Each structure stands twice: as structure tokens, then as C-alpha cells.
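Take a look at the structure below.
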Amino acid sequence: MPRTPLEPRFTIEHLSILDSDGNLDTALEPDLPADELKRLYRAMLLGRRLDERMVRLQRQGRIGTFAPIKGQEASQLGSVSTLRPTDWMVPSFRETAAMIWRGWPIDKLLLFFAGFLEGGQPAPAQHDLGITIPVATQLPHAVGLAYAAQYRGEDAVVMAFFGDGATSEGDFHEAANFAGVWHVPVVFVCQNNQWAISVPLKKQTHSRTIAQKALAYGFPGIQVDGNDVLAVHAASREAVERARAGGGPTLIECVTYRLGVHTTADDPTKYRTDEEVAEWARKDPLTRFTEYLRKKNLLEDGLEAQVDAEIAEAIRRFEATPPPDPLAIFAHAYAELPPDVAAQRRELAERLQAPPPRRADEEHPPAPPMRGQRMTRR
Amino acid sequence: MPRTPLEPRFTIEHLSILDSDGNLDTALEPDLPADELKRLYRAMLLGRRLDERMVRLQRQGRIGTFAPIKGQEASQLGSVSTLRPTDWMVPSFRETAAMIWRGWPIDKLLLFFAGFLEGGQPAPAQHDLGITIPVATQLPHAVGLAYAAQYRGEDAVVMAFFGDGATSEGDFHEAANFAGVWHVPVVFVCQNNQWAISVPLKKQTHSRTIAQKALAYGFPGIQVDGNDVLAVHAASREAVERARAGGGPTLIECVTYRLGVHTTADDPTKYRTDEEVAEWARKDPLTRFTEYLRKKNLLEDGLEAQVDAEIAEAIRRFEATPPPDPLAIFAHAYAELPPDVAAQRRELAERLQAPPPRRADEEHPPAPPMRGQRMTRR
Amino acid sequence: MKLNMVKALNLALRQEMERDRDVLVLGEDVGVDGGVFRVTEDLQRRFGSQRVIDSPLAEAAIIGASVGMALYGLKPVCEIQFSGFAFQCFHQIENHAARYRQRSQGRFHCAMVVRMPYGGGVRALEHHSESEEQFYAHIPGLKMVIPSGPRNARALLVSAIRDPDPVIFFEAKGLYHAAREEVPDDPEMMPLGRAQIVREGRDLTLISYGAMLRVAREAADTLAQEDGAEAEVIDLLTVAPLDRATLAASVQKTGRAVIIHEAPQSFGPGAEIAASIMERAFLSLEAPIKRVAAYDVPFVGFARERATVPDVPRVLAAARETLAF
Amino acid sequence: MKLNMVKALNLALRQEMERDRDVLVLGEDVGVDGGVFRVTEDLQRRFGSQRVIDSPLAEAAIIGASVGMALYGLKPVCEIQFSGFAFQCFHQIENHAARYRQRSQGRFHCAMVVRMPYGGGVRALEHHSESEEQFYAHIPGLKMVIPSGPRNARALLVSAIRDPDPVIFFEAKGLYHAAREEVPDDPEMMPLGRAQIVREGRDLTLISYGAMLRVAREAADTLAQEDGAEAEVIDLLTVAPLDRATLAASVQKTGRAVIIHEAPQSFGPGAEIAASIMERAFLSLEAPIKRVAAYDVPFVGFARERATVPDVPRVLAAARETLAF
Ligand SMILES: Cc1ncc(C[n+]2csc(CCOP(=O)(O)OP(=O)(O)O)c2C)c(N)n1
Ligand SMILES: Cc1ncc(C[n+]2csc(CCOP(=O)(O)OP(=O)(O)O)c2C)c(N)n1
Ligand SMILES: [Mg+2]
Ligand SMILES: [Mg+2]
């Protein structure tokens, strides 16, 4: 049946600057000062090393379950590094590297994953939301922040992170649609790491790309090589600048890969092959960037040791945290505790004063960690 | 910044066969037998006349609030007429004409809008869901039905109706995405009538068309002139045939207009101009189809009177409905009433036996109709 | 001014918006249309479409975007068109609005109000007549407010807007046009979390809120006239946090209580009210506390609504049983 | 066979799927991965990916599509990965699953089971440790089931799958691996809506369910040993519809009751239990019914979880106060 195609046709572009074989498109190469390149590299390295360290901390029971970032450093840092401190960053639950770039102390993050709410408290002047666990639910918040910035006449841009799986949620759709209609300064950064736990992208959506989902909302979408920090940076800078100039939202799909476990409760050998992982390991964003800097003679000696020392120091601070004060559960529940909750607080205070229970086994047994049946290999 | 566009590019097509000036694209003209054309016309006329009658019934307080269809007859009937009885039809709340085509007795519909649940009961063999009030929530049901049909190895196709506003809801997105991934036989028919109550399309979404939203889910989308029953029929037939042949879902955007009030509680003069309404009135689907049939010599004498008599007869049946039996509220709440609800049933039964309250004014005052502040003009 | 509840709420919104530029309104049809019940009428004309926003049709994003605005420091007053459509955004309310202060340990909070028309009696279809306060009352971090008349509606809405925490604000559709009341010109506030004794009595306590308050009051009048029994009538005004002290004090005096609400009975608000009174006034109780509520069945269709929504005769029967116990 | 709760639930699913081709399983990661807690392990290998479906990440569509399947006549058993993520689909549950029988006047019904892990004690982050049964218990048209051990979990799941109405089925994460129990090979059913007296006693009734049952039992043992008080312990098994008769009969005997649950106290399930007992056993009550529940604050972080989740000392304190009243 013939029909009239709507003109102009819809296009989505792909951007790659530095590929996994080290080929560089010099025409597209962003013009980043040496300092900035070194800072980016350090942050990527720190992200990688901390990730490995945190997996060990989790295995030792010193922190609880968390979501490692290995493989996604370029996606996170290429993007977040285009923000100003006065811009807003809205993470999901897998943005350790980006959060540290934004100023979250490492020990605070550890505290968070050790089950202390204190770990979720941004510093007073920090323009970041904390970790959001329910997939995609942070995206409407990003749109609201962006609206508020615009309403107040402030030129802040909001960058929101989420995964490929998150694009299936209604909240992704509603947020993107609001952003399009309201034309607010928000950059949606999807880290398409190919998997949502055990569900591969092709079972997540039948669309060819994530980027093309922007067509549904009438704003630009672009697909970038998410393991190419230069490409991610270039695309993000463009999107952030457009947003700041009043050009509205952008969706950036970073094509990347989660090299490690989904979370420390996950066993990826159940659902994906070693070959697949090995293939993506060859596209490692860190290796690629290392080579790039080596050619530019920007690699610093002793950086690994420096980074490890920073991590070790943060872990020391984390471990020096005093045991949690149970009464603190009431400190921030409400601006002012309602009378009945205040009474509950008094009850707890009295219990804490009371002599220990008569028999030892009246105590709660130690809580088992959350887990599936098997421990993981990677 | 130059980049590589993804190939093939994304295309959305528009289909129009019989335009509002009576121009006919004979190459595209569907090959419908005279009987079928006459049946379609009768259904459109019935839809129109019933609508007008129902507005009066509502004004007289004989039924409650309902959503008129005036202007959308072609969208509803061009599409639903491509289904077999064994296919499934999933309406929203504005598909009176389509529901009647599918076999809903008019008096049952009236009963529904008079607040009787009996009006929402499809006949035993009828493959239709009832009216769904919460916008877009019926769309996942359509996908589930389609999955079930496929699972059972039955060749039923599911057609689901919704409005332009509904495309903003998360449930639209989630349903469309599931349909794409599961590749199920479902046809999404969006009646884009330009308004969601007082919100015009441009405040609803920033996308150029509704049809292009299909690109986000990797299945075909097409925009049709929704006031052109031939175009709607042609596009729907293609989509239904593809679905039945295992070709997966389609999104059809019918570009149409709600000529009347949103519901009988609405006053559209608050948010749109008479000029706009007049302009769309010139594109009236019924006028256009009348002319087409006139040229074909298929207009039947006395059809209006016939249709009016059918409506009058249905209203008579509706008005003969005995007063509601209060105890029926318990009849279908559960397969088997839990003991505490059974006790509530007994309590009500006893109350119904009891002598009337001692004073007349103990009775509930008559319920006011739901309304905004003003009554409507149209 | 004598105003009905719609006008009184509109006044509260207008004055709060005049007072504080951070207050804004969003929701479906709240702008040009002034809301399907006209509560936001004329606000967009006064304050512009940036401050009174006709949003797309998506409840989760209405609440989610409001959360984002609140985190930035604005004070969104958003409208969900009918409480029956708020389950679409229930995750944003429970996961976020209610928790952000705690989660961020005070760095952020959500000073926002979610207004919704609720309840029956308006000959409306499914999802347009239900009473869902219980779902919000059980969520820590939220306040749940339900006014019973124009004047307290206006005062409570002002308080809700100025409250630093999220408030769910239910407006009984049946009361919107039911009565007009003198409402002072100057903004008036009422403390959240405080119930009101609207009729004093010593024989029995009738507890209700929202549209059912009228039923309680009428029952009290009848009891006085026909039974010579003086019922104390309590208007909760705030469902959560519950004003337990006022409830307990009343029943310590009367020894008997009947609770009336439109929500289904089982696991409903009346259960908490009864349990709480029992805990605090056990030794004063002369009879089991009775609940008069909707039956535990899904929506019954408005043709049969009166079979399940509490009415005066049902309350009288319960009160008389309680008095005779 | 001696099975833990995960294996017992898996057995129920496998046997029901063998018995009835209309039973299918869907949810996030339920297929290849066997569910994040392995409850659906091996089912996809056995029954194929058409019957054990790894769905996209979208809870509303999981429930909504299940509703559609159920309307067609299938019996979906869907999994929501954690009960904390079920508010995303709360509208599909409340608007549709619970109402379709009523709405269609019996032409359709939703024979479906929604399984969700719930509750704390597993060192997990926000939304992974909460206890939301109250929200479902208040919805007419639903059943709300919470087993307390491998054997009753298996039997109740079989019953839930065969039930013609929608059942919300909560599985305590803390119990998944807590204990192994002898589970008969042949399918075993337990009636929904029936509580069990798991320990007889005459001095006091302890009422609980799910993971908190252990706390109640241990408290009962201590009371017997240290106080010479014999507590009757009731395992609800089904929260809604509540087995009011069993509760009332027990308290008519003991005169005293303490309710223990992990959900926040205010407007929680304990309120209905207490109110219901009061209504039915008023004259037998020797003391106010006490509730031991989580405090009314949002998620506290697992480092402080023990401050709010009921434990044996708290139950003992409440029981002793009740006994001493
Ligand atoms: C609403 C919701 N549903 C389910 C989960 C459980 N869950 C946590 S992460 C995850 C997969 C997320 O996939 P994706 O969005 O691709 O992000 P990734 O984990 O790959 O970074 C799931 C299902 C959740 N956190 N929130
Ligand atoms: C979830 C939900 N939110 C709000 C409403 C109230 N409402 C009923 S119809 C409607 C507008 C629907 O617009 P559209 O989808 O374009 O369909 P139309 O009415 O134009 O046919 C709204 C907001 C509803 N029924 N359901
Ligand atoms: Mg992913
Ligand atoms: Mg519309």
C-alpha cells in the first residue's frame, strides 16, 4: 500500500572518536587541556580501583550489596565532566565514579553501602541527588529540577543517569515526555551496558537503538561509543551547551558494557558467556584511554599507588565510623516529629537505657546478607 | 559536530484516501463490498445519533457523565470493522460506536452510564473488554490478551483503543514496549482527537506525530486521516493482517477531532475557539462518507428514522430496568465471599428488611451530578 | 465572604501564590480550564503558565517532577484529577516524596502538597468515587489531611502549603458545592495533626472527617432528639498523624465510640482509630468501638452507592447498639 | 524431602506447571537467571521461554499483561522482584486485578498470583527491606497471603495458584534460607483465609505471620520458661481476608493479645487485628491489645534496622505489660 512519507525523515546519529584499536578521528577530537585529560584519567582509574576494592569489602561483609561500575568509567566520566558544580547531577545506583567526580567522599559512599543513611547525605552546597534505587524513578526528579532552575532564571543544567533496562519503565517515558514538552535543560544519559541483570537488550526493547527513543519525544537523541571517553565527552558537551542555551533536552545513549557482576548478589555466569565478556574486555575504556594518553605523554608515574592510597585512606575513615546511634532513625523522618512518633522515640530511648535482655539468644541472629543461591565467580 | 547517521533512516508515513473535499485516491481505495460500506455507514450514523441522544439523556439526569464520540466515528469504525468476532477489542472510555459494532447492546451501555455494573458485563462469547476509565491502563491488558492468544496457538488479533493524551502515560509506553519485544498480534489505535480535556496536543507531547512513537519500540507506526473511514479501514486491515500473520504490533494514529464536549461535565468553550471547532466540522467524517456513498448510490432512504427507532427502542428497554437490587453489590466481588464480607452482606440484607428510617430527612439527599461550575454550551 | 469549598480552596491557593513566588501549581487541566472542579480557576491568568502548569497526562511525572521542584526549593501544589488515579503515582509518593528528608538526612525535603478530589456521592463512574486515605495514612513521612467545610479547607490548605513536609490533601467532591461558609479575607491557618470537637457530648463519641462528618453530625442531632443521648462529634481534619490525645480524652469521658468513614472497612482508617482509642482509653470503654464504613467490595456502581456508603440510619443503628451495650 | 523455602516454592511452581498448562510465570530475571532469589530456578529450562518469561523491566506491564492473560483464561504467576518495587504497578493491581470480576459482573476474573519477596533482615538497601502487606490487605477483591515456613509456603502457593481470584503472595526474604522442613512430594494445599494456632496457651495470644512468627514463638518459649505464662501463638498465614473467628476465639480464652509485625505500626495490619478482636471479644479482654511493630519512620538503613524491627525483647516487654495489666 503506497503512502506519503513524512518529511523531514527521522535520523539518529552515532558518534565514535577513539576506537578500541586506538584509531583516532582527529577532526572530531575534542580540544581538552592536558590537565583536564589527566583529571579524567585519574577519575577513571580511581573508579576502577575502588570498584575492585569494594567488591572485596563486600565479600568480607564490611559493606552490603552494591553495583560495580567496571567497564562503564568512560560513560560516567565523559558525561559528568561536562557539568559545572552549579549544574545538577541525578544518579541511579551505579554511578560511583561520577559521584566521586562530583565530590562525594569515598568514605561516605562506603557508609551508604554499609547501611548508614548518613552515606546518602549530599553536602550542603552540592547540587547532586543521592542514589536512587527504584529504576527510572529519578528521571522525573531531574525534569522537576530542570524546570525549577528555569523557573528561577538560573542557568543550571541537569544531567540524569540510568541504564538500558530503565528505558522500559513508565517513569522514563513520562519524564522524557515532560522534558520535551517543557523544553527544560536536562540531559538524559543512558548507560546502555547491554544487560539489565540477566535480561539482554534484545529482550528489553525491540528498538534498534536506545537513542532513537528520543524521536518519540521530539528532541535530539544520539548514540555514542560509551567506552570512548572522548566521544562521550563531545556528545555531552554539546548536549549540555544546547540545554544551557535554552535548546531543551537531549538523550545520549552510551553503548558500553558491564564487565563485572550486576551487583555483588549476582552471578553473571548464569546468563552470559565468557566469550562475550572477553570480547568487551578488549574494548575496555580504560585501556583505550591509557594508550591515548601514553601517546600524548600524559601518563603520570605512580598514579595507581596514589589512587590506591586515597582509597585506603577513605576506607580507614569509613572503618573509624562509630557504631550507629539507633535513635538517629528519628532525626530526619519529619521536620517535626508528630506526637505519636515522638512517643516511639521515647520508647526506643528507654529500651536503649534498659538492662540487656536476660538471655543472650534473645538477641536477633546476625542478619544474613542478601543473596541468590550461588556466589559469583567474577 | 559531524557524525554517522544510522541507516536505514527512520520513516513514518501518512495515509489519506478520501479527503474532506471529496477527492478520492482511487488507487488506494479499498475494495469494500457495497454491503460492508452500507453497514459501516449505518454504524457511523447510529454512533452519531446515539451520541446526541445520550447528551440529552445526561442533561435530563437519566444517565450520568459520559464521553461523546461526535467526530470520531470514522476512526472507531474504520478500525474495528477489520476485526473478526473472535478477535479482541479493548476499548478506553470513548468507543461507543466501536462497542456497538462489536455487539454491545445500546441499552447495556446506557445502563453502564446510569451507574449499573450490569452495563459493564460483556456477553459470554463476546471477545471484548469493557470500558476502562483510568487512561492507558487497558493497553497492557491488550498485550496480555495477545500473548495469551499466541500462547494458546489461536490466531486472534487484539485491537486496543486510546487517545492522544493516553500516550503520555507510562502504561502506554510499557505496553508498547512489551508488545514490541514479545512480537504479539496487537494493533494500537490512537484516536488523536487533538485534545485531552483542555490540554492540546502540543502541550501533551513535543513529537511531530503520535505515529512516530512506534519508532521507540521497533514496530511500524502510521498516521492516517482519522476522519477518512476508507483510510482508517485500509491501514487497520493491513495492521490486522500483519498481526495475524505473525508480523507483530502496529501503532495507528488516527488524526481526528472531538467535535463535542470531553464529557458531559466539560465546558470546551473555556479552552478552544469556535473557529477551530468550525474548521474541523468541515472535515466531518460522516459528511464525507455520505458524499462518497451518494456518488456510489448506496445511500438508503429512511436510514435515519430506522436508526432513531433502534435507539428509541433501546432507551425503552433501558428505562424498563427495575430499580437496582442493593444486595447485588456482593454478587461478583469474589468467587466466594470471605466470611467477613458475607457478614456485611447479611447486615445489608437485614437493613433492607428493616422498617424505613423514622424521619424522612434521615435519607441521603439526592446525589448531585458530578460537574464543574458551569454547564456546557455544546 | 461566604464561599463554597471550591472558592475557599481557590482563595487559599491564590493568596499563598501571592505571598510566595516559590508556590506553583501543576496538574492535568489546572490551567486554562481551572481544574475539572474549578479549584484552580483563574490562577493561570493571574500567575502565568509557568507557575500554573497544564501538564501532560501522566500522574507519576506530575508527582515526580514536583518532587524535583521541591528538592530545588520550590513548593509545588499539584493536583491529581481524581484520587482514583493516584495509584499511577503511588510509587513516586511512597518511594520519594515521603522519604527524601530521611534519605538525604535533612539535606533535602519535599515541601509539597498533593491535592486530590476523593469520595462518592456525585453519580460518577469507577475510580471517581472511592476513598483512599488509608493508603497514605500508613506511609511514614507523609501527612494526610481531609477538610470538612469551606473554612477549614482554606485554612488547612494554607497550613499544608507552608508545611515543610509533603501533605496529601483530600477534598470531598460531595462537599465542593454543598455549602457556603463565612471565610475571613485574611489568610487563616489551622494546625495540621489536630482534631476538632465540633459538638460536645458525654454519652458517646462519633468520629469522622470529610464528607462523612455531616452524617455524624446529623446522627448526633437525631440521637439528642430521639434518644436523649448527647454524642460528642470529632472531626479529624488530619487523618495522619492522628490526634490520638483528643480521641482518647473524648472516649475517656464518653466510654463509647463509633467511627464513620467512606473507605472500605477492613484494614481501613477506622481500625487505627479504634485500636488507638483502645490502647489509651481501655479502662473507660463501656462497649466495643464500632465502625461504620463502606463494605469490603470493589466499586459498586453509583446506582447502588447508597447501599455501601455510610448514612445516618446506619450510624444511628451502630450508635444505639453501642449505647445499649 | 527436606527443603528450604526457596526450594519449596520452586517445587510448588514446578508441580502446578506440570499439572496445568495454563499456569505460566513471568517477571524480571525469572527465566535464565531463575529469579534473583532462585525461586523460579530451572523452570525456563523445563517449560520453555514462552511459559517462563523474562520480561522487560516494567512492573506495571508485568501486572497489566498478567491481567490480560488472566482475562484470556491463563493463570499467570508473576514475580515482582522486591515488594518495594510494586508501587510501580499498584494501579494495575488496585484498578484492575482486584476489580475485574466485579466490573465485568463475573464475565471475567483474574486468577493470578503476584509473588514478591518482602521484609528485612538481609542487610539490604532501601525498598529491599520493607513490609507493605497493609496496602494490599485494604483492597477489596484481593487476597493477601504470607507463609512462615517452607511447608506452608509450598501449600499456600499451590492454593493461591488454584484460587480463582487474585492473590498477593509475600515471601519473607529472611526465611528463604532460614530453615529446611520436610515437604511432602505430593502437592499439598492449605485453605486461604485460615489462620493456624501453632502453639496453644491460655494466658495470652501472640499474633503474627511471616518472618515475625519466629519472634513470636521465641517470645512464647521465654514466657513459658521465665514467667510461667502460656502464650497461644497464631500464625495468620493469610492477612486478608482475616481469620477473625480464630483470633476472637483465642482471645476469648486468653483475654490478652499482642500483635507483632514488621510493617510500620500506624494504620498498619495490627490495627485491623486489634479492632477486630475488640469487636468480637470485648467482654473477654483483660488488657488493651498491644502492637509491636516497626516505628512510623521511613526506611532507616540496615545498619539501624534492629532499632525498629520487632525483636524478642520488645515482644516480651509488651507481653509482660499485657500480662501485668
Ligand atoms: C522499579 C525497580 N524494579 C526492579 C528493580 C531491581 N533492579 C535493580 S537494577 C535492575 C536492572 C537495571 O538494569 P539497567 O537499567 O540496565 O541498569 P544496570 O543495572 O544495567 O546499570 C533491576 C531489575 C529496581 N531496583 N527498581
Ligand atoms: C490515569 C487517569 N488520569 C486522569 C484521568 C482523567 N481523564 C479522563 S479522560 C482524560 C483525557 C484523556 O485524553 P485522551 O487520551 O486524549 O482521550 P480523549 O478523552 O481525548 O478521548 C483525563 C485526563 C483518567 N481517566 N485516568
Ligand atoms: Mg543495563
Ligand atoms: Mg484526546
Side-chain angles (χ1 to χ4, degrees), chain A residues 88 90 116-124 126-134 136-152 154 156 158 169-171 173-182 184 186 328-341 343, chain C residues 21-22 24 26 50-51 53-74 76 88-89 91-92 94-96 98-112 140-143 163-166 192-194 238 240-245 276:
Chain A
W88 284 80
V90 178
F116 285 75
L117 294 185
E118 288 86 341
Q121 186 192 47
Q126 208 182 337
H127 282 191
D128 295 63
L129 301 192
I131 287 173
T132 296
I133 310 271
T137 58
Q138 75 278 20
L139 301 178
H141 307 166
V143 174
L145 286 169
Y147 190 94
Q150 205 170 61
Y151 178 78
R152 286 262 185 91
E154 285 154 4
V158 182
E169 287 280 3
D171 278 25
H173 170 75
E174 297 190 9
N177 189 52
F178 268 52
V181 173
W182 288 354
V184 285
V186 60
I329 66 174
F330 293 102
H332 297 288
Y334 292 85
E336 193 185 331
L337 276 191
D340 39 354
V341 192
Chain C
R21 229 193 87 78
D22 284 341
L24 39 72
L26 71 160
Q50 292 304 303
R51 250 183 112 183
I53 310 162
D54 274 320
S55 79
L57 211 180
E59 288 76 14
I62 292 172
I63 302 298
S66 296
V67 166
M69 293 175 187
L71 298 177
Y72 203 95
L74 303 183
Q88 266 78 350
C89 51
H91 59 294
Q92 283 291 348
E94 200 275 349
N95 293 183
H96 295 302
R99 295 171 182 243
Y100 237 110
R101 179 185 292 280
Q102 174 93 324
R103 175 187 299 148
S104 69
Q105 293 285 286
R107 165 69 175 88
F108 295 115
H109 63 276
C110 290
M112 58 187 272
L142 291 184
K143 299 197 173 78
D163 197 275
D165 283 320
L192 305 187
R194 210 72 73 66
T238 299
L242 189 60
D243 185 350
R244 299 170 194 277
S276 177

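Each chain gets a letter, A, B and so on, in the order the sequences are listed, and its residues count up from 1. Here the structure is a predicted model, which means the values were calculated and not measured.
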### Nearest-0.5 Å distance, CG of residue A:L145 to CG of residue A:L129
5.0 Å
### Summary
With chain C, the option among A:A149, A:A146, A:G170 that has the most non-hydrogen atom pairs under 4.5 Å is A:A149
### Task
Please look at C:L24 and chain A and tell me whether the side chain, the backbone, both or neither of the residue comes under 4.5 angstrom of a heavy atom of that chain.
side chain
## Note on the structure
Note: vs chain C, highest number of non-hydrogen pairs under 4.5 angstrom among A:P134, A:P122, A:A333 is A:P122
### Task
Using the test side-chain contact (heavy atoms from CB on, under 4.5 Å), find all partners of A:H332 that sit at least two apart in sequence or belong to another chain.
C:R101, C:Q102, C:Q105
### Message
In the structure I gave you, are the side-chain heavy atoms of A:Q121 and A:F116 within less than 4.5 Å of one another anywhere?
### Response
no
#### Entry: Distance, nearest 0.5 Å, that separates CG of C:L71 from CE of C:M112
9.5 Å
### Task
Report the distance from atom CG of A:D171 to atom CD of A:Q138, rounding to the nearest 0.5 Å.
8.5 Å
## Note on the structure
Per-residue tally against chain A (heavy atom, under 4.5 Å) across C:K143, C:R99, C:H91 peaks at C:H91
### Task
Measure A:Y147 against the heavy atoms of chain C and call it side chain, backbone, both or neither at under 4.5 Å.
side chain
### Query
Do you know which two heavy atoms are closest between A:W182 and C:P56, and how far apart they sit?
NE1-CD, 4.3 Å
### Query
If you count heavy-atom pairs under 4.5 Å with chain A, which of C:Q88, C:Q50, C:R21, C:R107 comes out on top?
C:R107
#### Entry: Residues A:Y151 and C:R51: side-chain donor-acceptor under 3.5 angstrom
yes
### Message
Taking side chain as everything from C-beta outward and backbone as N, CA, C, O, which of these in C:R103 sits under 4.5 Å from a heavy atom of chain A? Side chain, backbone, both or neither.
### Response
both
### Message
Can you tell me which of A:P339, A:A123, A:A331, A:G130 forms the most heavy-atom pairs within a distance under 4.5 Å of chain C?
### Response
A:A123
### Message
Is C:P164 close to chain A through its backbone or its side chain, or both, or neither, when contacts mean heavy atoms under 4.5 Å?
### Response
side chain
### Task
Please check if atom CD in A:E336 has more than 12 non-hydrogen atoms from other residues, nucleotides or ligands closer than 6.0 Å.
no
### Message
In terms of relative ring orientation, are A:H127 and A:W88 parallel, tilted or perpendicular, with 30° and 60° separating the classes?
### Response
parallel
### Winner by heavy-atom pair count (cut-off under 4.5 Å) against chain A, out of C:A65, C:G193, C:A70, C:G106
C:A65
## Note on the structure
Scored by heavy-atom pairs under 4.5 Å with chain A, the best of C:I63, C:L142, C:L242, C:D243 is C:L142
### Query
For C:E59, is it the side chain, the backbone, both, or neither that has a heavy atom closer than 4.5 Å to a heavy atom of chain A?
backbone
### Message
Quick check on C:Q92 against chain A: is it the side chain, the backbone, both or neither that has a heavy atom closer than 4.5 Å?
### Response
side chain
### Summary
When rounded to the nearest 0.5 Å, the distance separating OG of C:S66 from NE2 of A:H141 is 9.5 Å
### Which portion of A:I133 sits near chain C, non-hydrogen atoms under 4.5 angstrom
neither
### Task
Quick one: which of A:L139, A:V143, A:T137, A:I131 has the most heavy-atom pairs under 4.5 Å with chain C, could you say?
A:T137
